[in-house]
Structure formats: structure tokens, C-alpha cells
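One structure is given here, and the rest of the page talks about it.
Numbers for residues simply follow the sequence, beginning at 1.
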Amino acid sequence: MKALILAGGLGTRLRPFTETMPKQLIPIANQPVLEHVLVNLRALGVREICVVVGAWGPDIAARIGDGSRFGARITYLTQARPLGLAHCVAIARPFLGDDDFVMYLGDNVVQDGVAGPAEEFRARRSAAHLVVARVPDPRAFGVAELDTGGRVRRLVEKPRLPLSDLALIGVYFFRPAIHRAVAAIGPSARGELEITDAVQWLVDRGAAVTAGEYTGYWKDTGRVEDVLDCNRRLLETLDRGVHGTADAASRLTGPVHIAPGATVLRSVITGPVIVGPGSRVEDCRIGPGTSIGSDCVLRGTELENSIVMDGAWVTERTGASDLLIGRSVRIGSGSPPVPRPTDLTTELPAELPTELAANGARTGGAR
């Protein structure tokens, strides 16, 4: 089985953070969202992965690399415009060939992994197998209507009047039949090639399309509140470990992970909390659900249920919670100068091939 990860979205709901970084690299428990995806794929034994990227392709490739850290080989495919998930399948056809594959949205965190759905896909030998979960308001999702045997009867993208509460969570398993479906559909009313339309095309022609309900924790990390909720949830599995330095005047309670090279002085930290390599925490009170990235400085501050990204300095804010503090942000006096922001006009490197024409497919892209 191969894998197709869609990481071309712009993350407009996460601005201003996504003006200087891709949403797929926002850290959850000090690990980028996209790396959580790759860890889940490694557990499936997937070794060939294509990552579809957009304008942030160079940043993603620089962080993720060639895939060797995850026991895989990664091919990067650049998409000119985000015009539909099914188009990603079309332009990746030369990579996918006639192999089975899993398509995974690169901004989704599925805490318990996808080994169960993968096994169900193999056992049922479906043309397509969808992972769904019950949600309180399905109108923001693709929605699946199933028969009593778990076969899909109908798919509707963001219905105004949903007939089911089973939402597609962004993980799909496909056999090569999906390529014929993608080539047959046209753009939707919003001008995109919808993967739901391609799967519905298979259903209408009698192909076996099934779905399995995922009951664990998952999150589309498209909004700040979703990122913070996901961070809190993943930190609950944190193991305690002090691999850096914590002085005798500090008090660490519960699962607190201090990375090598990190220093904690005269501070109270109540876990779950993670402090990244090279960071310095002085005279602080850090509460549960907080992740502090690498090379940060926190001095005389109180934080809880927050994420502090790499290189940030927080030296005066007190009593704060539910914050997402961006990379190299400076809050308070006595901080070093703010570095130049990332140049958003950087050209894509040669190793990220531009959009491919596959089977005469229409243009489209990832969300």
C-alpha cells in the first residue's frame, strides 16, 4: 500500500500564524501535525509516500525531509492551486500507479492511529473504504449514509440538511478503481473536484464502498481552539522525564517532560507539560496542557493550556491561558530583536515537481 498526504492547504482560519508557516507544521505536543500523520502511516508499514504541497512546499520539505526518519521514502508533488481533493488523486496518478493507497489529510490528528481501518479495508476488499465518526453538527463535513451492513449508500458534501451524523474524518482507503471515477467527474458548484463525488460515482455503479466508524479522538486542526484542544489531549499521554536541568527551587508535579538542554529555575510546573530542547523557564508558573517549544525563554510569567512555539520569548505576561504563541514572537521587555519574517515569495526547489497532467484531468487541488 502507498500513501497520499494532502498538505497544500493555506490555513486561512489559522491566520496570522499561517502567514509565516504552513498549518501542517503547527506543533501539537511539540511535534508538527504532519509528523503525527507520518507516525500513523509508519505503523501501517507504508514505505512509499507522496506529499502534495502548495506554496509552503519548501518549508514542509525542509522539516520533513526525505522520509527516512519515518522509515519511508517521500515524494513531493507541487500543486498550483487548491481546487479539490479528487484532483490530488489525479495529479498523483503517476506515483500511485495501480497500487492500493491511503489518502490522508495532512492537518488531521487521529490519536489512536488508522491500523484498524486499514485492516478492515484489506478484509472487506472494498473499492473504497471511508473512515467516519459521529459529530454533533455534520453540516461542515462530507457526510456518509450507510446501510445496515456498513456499505455506503450516499455521500453528501457539507449538506444543509444532513440525513446522517457520520462525518468523513479525512482518511480514505482506495483501490485503483478510484482513478476511473476521478477521471469521470466534473467540478462541483464551488469549482472543485470533490472526492465525495468520485466515491459516489463508484457507489452509483455498484462498486463496493464501505465505511467504518472511528470512536477514538480525532481533530481537524483548522482553528486555534482545535489546535489547543488537540494539544491538551495528546499531552495526556505524556511520560514524565527530566532530561534537562531543574533546580532545587523548582517544583514539578505530574507528567512533566523536560527535554535535553532545557533549564527550569525557581518555577512551578504542573503537568502535563513539555519543555523543548534549549528552552529556559525562570520564575514561572506553568499549568497543565502547555507545550513549550525549542529555544524559548519564559521569565516571570504564568501560562496554562497554551502552546509556545520555537524561539518565542514571554517575559511579562501573567495569568494567561488558552494561548497560541507563534514562532519567535516577543512578549514583554528585555527581549532580543524580532527576526525578519519568512520570505513568502521563495521559489519552489527543483526537487518539488510542478503539477502533472494525469489522464487529461481538469485542474483542482487540496484544501
Is the side chain of [X] donor-acceptor paired with the backbone N or O of [Y] at a distance under 3.5 Å, no angle test?
| X | Y | value |
| --- | --- | --- |
| Ser250 | Ala248 | no |
| Arg205 | Val203 | no |
| Ser164 | Ala144 | yes |
| Thr237 | Leu234 | yes |
| Ser126 | Val209 | no |
| Asp220 | Ile169 | no |
| Tyr214 | Asp112 | yes |
| Lys2 | Phe95 | yes |
| Thr196 | Glu194 | no |
| Ser279 | Gly293 | yes |

In terms of hydrophobic clusters joined by side-chain contacts under 4.5 Å, are [X] and [Y] together?
| X | Y | answer |
| --- | --- | --- |
| Leu265 | Ile269 | no |
| Val268 | Leu238 | no |
| Leu202 | Val143 | no |
| Leu235 | Val256 | no |

Query raised in the report: Are Arg124 and Phe173 in a cation-pi setup, meaning NZ or CZ lies under 6.0 angstrom from the ring centre and within 45 degrees of the ring axis?
Result: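 No cation-pi geometry.
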Query raised in the report: At what distance, to the nearest 0.5 angstrom, does CG of Leu324 lie from CG of Asn231?
Result: 9.0 Å
Query - Distance in Å, Met1 CE paired with Arg47 CZ, rounded so as to fall on 0.5 Å steps - result: 12.5 Å
Ionic contact status for [Y] with [X], cut-off 4.0 Å:
| X | Y | value |
| --- | --- | --- |
| Glu282 | Arg299 | yes |
| Asp147 | Arg153 | no |
| Glu302 | Arg285 | no |
| Asp98 | Arg93 | yes |
| Arg327 | Asp310 | no |

Atom [atom1] of [X]: over 12 foreign heavy atoms under 6.0 Å:
| X | atom1 | answer |
| --- | --- | --- |
| Arg69 | CZ | yes |
| Arg190 | CZ | yes |
| Arg240 | CZ | yes |
| Arg180 | CZ | no |

Query raised in the report: Can you name the one residue among Asp322, Ile307, Ile28 that meets side chain to side chain contact (heavy atoms under 4.5 Å, CB included) with Arg232?
Result: Asp322
Query - Non-hydrogen side-chain atoms of Val102 and Val114 separated by less than 4.5 Å - result: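 Val102 vs Val114: side chains apart.
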Report task. Taking atom types as modelled, find out whether Glu192 and His87 have a side-chain donor-acceptor pair closer than 3.5 angstrom. Result -> no
Requested in this report: Indicate whether the side chain of Tyr217 and that of Asp229 have a donor and an acceptor atom separated by less than 3.5 Å.
Outcome: yes
